[in-house]
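Only a predicted model underlies this, so the values are computations on that prediction, with no experimental measurement involved. Numbers here are sequence positions counted from 1.
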Amino acid sequence: MTSDQRYPLAPARHSRPPAPVSVTQRRAPAKPKPNFFAVVALLCGLAAIAVAFTANLGYLAWPLAGLGLVLAIAGLVQSGRGVLGGRSLAVLALLASVTAALLSGATMLFPTAFGATGSSGLHLPPLSGDKHTVDYVVTSAGGATVRYGTLNDQRTDDAPPSTDQWHGKASYNGGTPILSLTADSSNTGASNQISCTITVDGRVVAENSGTTIALCTANVE
């Protein structure tokens, strides 16, 4: 008796077996997410650099630089753990924030070297092209130590014992500087009548008097 010879079934013409998956492909790590910490930190650092040289906005440089520094460090930590990408961007943001902090400190300590005049925009001594002139006046028969300028930027001088007035000059273009004038008696053992006056464009904006000290402040526009 003859038995039928069996042949293996031919695979379907239009079907292919799935490609084998390697162990490397199975364990491939997920793509890191964008580093938003680094992006925001870089924007804060660049903004801090921009406002560091602006007279009326210079005070914003410190908080912007500080925020950028914190976010940049957070971005570096997250990128080091592999959670976020953009490590080079985080490093750039860190450098921008540190640079902004250094520039802000330098402009506060050495305003004239960077062409700045402090956050108030007051010029000591005055500039001829400014719109507003400031005259600090002190009268002290027994002499006095005078401090004048703004709350953040002051000069010190001595008013000699005389009935004549001592004058300190300044000027500014804009902004709202807080003008300050303090006269302390140089002879604390004796009564000394002291008076102080601040005038802006010839108009008295503050005046005061005392026996040992006189203090005048004015917020002008």
Requested in this report: Report the C-alpha separation of Leu94 and Ile73 in whole Å, then their side-chain angles, then the decisive distance to 0.1 Å, and conclude whether the side-chain contact (heavy atoms from CB on, under 4.5 Å) test is met.
Outcome: CA-CA 7 Å; Leu94 180 64; Ile73 294 175; 4.2 Å; yes

**Report entry** Spatial distance of atom NE2 (His123) from atom OG1 (Thr133) [nearest 0.5 Å]
**Finding:** 13.5 Å

**Report entry** With sequence neighbours excluded, residues passing salt bridge (charged side-chain N to carboxylate O under 4.0 Å, His left out) with Asp135
**Finding:** Lys169

Requested in this report: Decide yes or no on side-chain contact (heavy atoms from CB on, under 4.5 Å) for Ile194 and Ile213, but give the supporting numbers first.
Outcome: CA-CA 6 Å; Ile194 303 175; Ile213 187 173; 5.7 Å; no

**Report entry** ring-ring contact (aromatic ring centres under 6.0 Å, His included) partners for Phe37, two or more places apart
**Finding:** none

Query raised in the report: Do you know the tightest heavy-atom contact between Asp157 and Trp166?
Result: OD2-NE1, 3.2 Å

Requested in this report: Find out whether Asp153 and Leu122 are in side-chain contact, i.e. whether some heavy atom of one side chain is under 4.5 Å from a heavy atom of the other.
Outcome: no

Query - Side-chain heavy atoms of Glu207 within contact of Ile198, under 4.5 Å - result: no

Query raised in the report: So, for Ala101 and Trp62, which heavy atoms are closest and what is the spacing to 0.1 Å?
Result: O-CH2, 3.8 Å

Query - Joint cluster assignment, Val39 & Leu46, ILVMFWY side-chain distance < 4.5 Å - result: yes

Report summary line: d(Thr156 OG1, Tyr148 OH) to nearest 0.5 Å is 8.5 Å

Query - Any Val205 side-chain heavy atom under 4.5 Å of Arg203 side chain - result: yes

Query raised in the report: Is Arg147 salt-bridged to Asp184, going by a charged N under 4.0 Å from an acidic O?
Result: yes

**Report entry** Residue pair Val137 / Leu181: nearest heavy atoms and the distance that separates them
**Finding:** O-CD2, 3.5 Å

Query - Step-by-step side-chain contact (heavy atoms from CB on, under 4.5 Å) determination, Leu89 to Asn35 - result: CA-CA 8 Å; Leu89 185 62; Asn35 199 329; 5.5 Å; no

**Report entry** Side-chain donor/acceptor of Tyr136 to backbone N/O of Gly149, under 3.5 Å
**Finding:** yes

Query raised in the report: Which heavy-atom pair separates Ala72 from Ala41 by the least distance, and what is that distance?
Result: N-CB, 3.5 Å

Query raised in the report: Distance from Ser97 atom OG to Leu102 atom CG, nearest 0.5 Å?
Result: 11.0 Å

Query raised in the report: Could you state the interatomic distance from CG (Leu179) to CD (Gln154), rounded to the nearest 0.5 Å?
Result: 11.0 Å

Query raised in the report: Side chain of Thr212, backbone of Ser185: donor and acceptor closer than 3.5 Å?
Result: no

Query raised in the report: Taking all non-hydrogen atoms of both residues, which atom of Ala206 and which atom of Ala218 are closest, and how far apart?
Result: CB-CB, 4.0 Å

Report summary line: Heavy atoms of Ala38 and Ala93 approach each other most closely as O-CB, 3.6 Å

Query raised in the report: Has the side chain of Asn208 got a donor or acceptor atom that lies under 3.5 Å from a matching backbone atom of Cys196?
Result: no

Query raised in the report: Taking C-beta and beyond as the side chain, do Asn173 and Asp130 meet within less than 4.5 Å on heavy atoms?
Result: yes

